[in-house]
Amino acid sequence: MILQSVCALEEFVHLVEAFPDFVSGIAALADEFRMIKGLLEEGAPAKHPVCVAVLHTWGGLRPWTLSGHFHETYMHDLIHISEALAGLPFDVTFLNFTDVKTRNLSQYQVIINAGRAGTAWSGGSAWADDEIVERLTEWTARGGVFLGVNEPLSAKCAHLCGDHLHISQKMAKRVLRNRVPA
């Protein structure tokens, strides 16, 4: 079937002979695809030895998606973070809050938690679980980087988690106020 299709296409090649720029453009594009294919056959792309985890309620159940939204939206910080991570040479894992309690967190150098307080993206009521706070506190004390974007803690326990994880919700305002113009 494929051979028949290729033979059928050969009958139409003469139609583009009058357009040498088109022919050379297609040839260059084909060469680029061959080069990419060759690189992929040689092995996986180089990666930095940094493992990043994205922490939200669904973890691995919803990696790389944002509640069905595959477009820009100002309401969800995580869509922008996921887009940035997709282009970076890091191993990325998606964790839920049960994973924080059961997995070995030492394999991650960075854990990102993003979203408005009280939402499933930031974790909502999961932050009220002392074991989660303790595990993340121990992990950060050993050098892990907890990166919170927007309001990474539920309003209910922000003061508790903020004390344990050394997070200040007022810090961003202070930094912006003292910022030196570029």
task: Please assess Gln107 against Thr93 for the test side chain to side chain contact (heavy atoms under 4.5 Å, CB included), listing each intermediate value before the final yes or no.
output: CA-CA 10 Å; Gln107 63 187 313; Thr93 302; over 6 Å; no
task: For Phe97, check ring-ring contact (aromatic ring centres under 6.0 Å, His included) against everything at least two apart and list the hits.
output: Trp127
- prompt: Looking at Ala114 and Ile81, what are the two nearest heavy atoms and their distance?
  reply: CB-CD1, 3.6 Å
field: Those residues that, when tested against Ala141, pass side chain to side chain contact (heavy atoms under 4.5 Å, CB included) (two or more places apart)
entry: none
All pairs passing side-chain hydrogen bond (donor to acceptor under 3.5 Å, both in side chains) where residues 23-36 contributes a residue, at least two apart: Asp31-Arg34
message: Within the structure provided, determine whether Val92 and Val54 are in side-chain contact (heavy-atom separation under 4.5 Å).
response: yes
query: Can you tell if the side chain of Leu55 reaches within under 4.5 Å of the side chain of Val100, non-hydrogen atoms only?
result: yes
message: If we ignore hydrogens and angles and just use 3.5 Å, is the side chain of Ser122 paired with the main-chain N or O of Gly115 as donor and acceptor?
response: no
- request: With sequence neighbours left out, write down each residue that passes side chain to side chain donor-acceptor pair (under 3.5 Å) with Asp129, or none if nothing qualifies.
  value: Lys101
field: Heavy-atom check, side chain of His56 versus side chain of Asn96, under 4.5 Å
entry: no
query: With ILVMFWY side chains joined below 4.5 Å, transitively, what does Leu29's cluster contain besides itself?
result: Phe33
- prompt: Which heavy atom in Trp139 sits nearest to a heavy atom in Val145, and how many Å separate them?
  reply: CH2-O, 3.1 Å
query: Atom OH of Tyr108 and atom CG of Asp99: how far apart are they, to the nearest 0.5 Å?
result: 7.0 Å
- prompt: Stepwise, does the side chain to side chain contact (heavy atoms under 4.5 Å, CB included) test hold for Leu136 with Leu105?
  reply: CA-CA 8 Å; Leu136 287 171; Leu105 297 181; 4.1 Å; yes
- prompt: What residues, two or more places apart in sequence or in another chain, satisfy side chain to side chain donor-acceptor pair (under 3.5 Å) together with Thr98?
  reply: none
message: Show every side-chain hydrogen bond (donor to acceptor under 3.5 Å, both in side chains) that has at least one partner inside residues 36-52, sequence neighbours left out.
response: Lys47-Asp91
task: Could you tell me which residues satisfy side chain to side chain contact (heavy atoms under 4.5 Å, CB included) with Val23, sequence neighbours excluded, listed by chain and number?
output: Val16
task: Quick one: pull up CG in Leu85 and NE2 in His80 and give me the separation to the nearest 0.5 Å.
output: 13.0 Å
message: Holding to side chain to side chain contact (heavy atoms under 4.5 Å, CB included), I want the full list of residues that pass it with Gln109, two or more places apart in sequence or in another chain.
response: Val50, Cys51
message: Are Leu61 and Ile112 connected into the same hydrophobic cluster when the rule is that any two of I, L, V, M, F, W, Y join if their side-chain heavy atoms are below 4.5 Å apart?
response: yes
statement: Residues passing the side chain to side chain donor-acceptor pair (under 3.5 Å) test with Asp21, sequence neighbours excluded, are none
- prompt: If you measure from CD1 on Ile79 to CH2 on Trp121, what distance do you get to the nearest 0.5 Å?
  reply: 9.0 Å
Closest non-hydrogen atom pair between Leu95 and Ala53, with its separation: CD1-CB, 3.5 Å
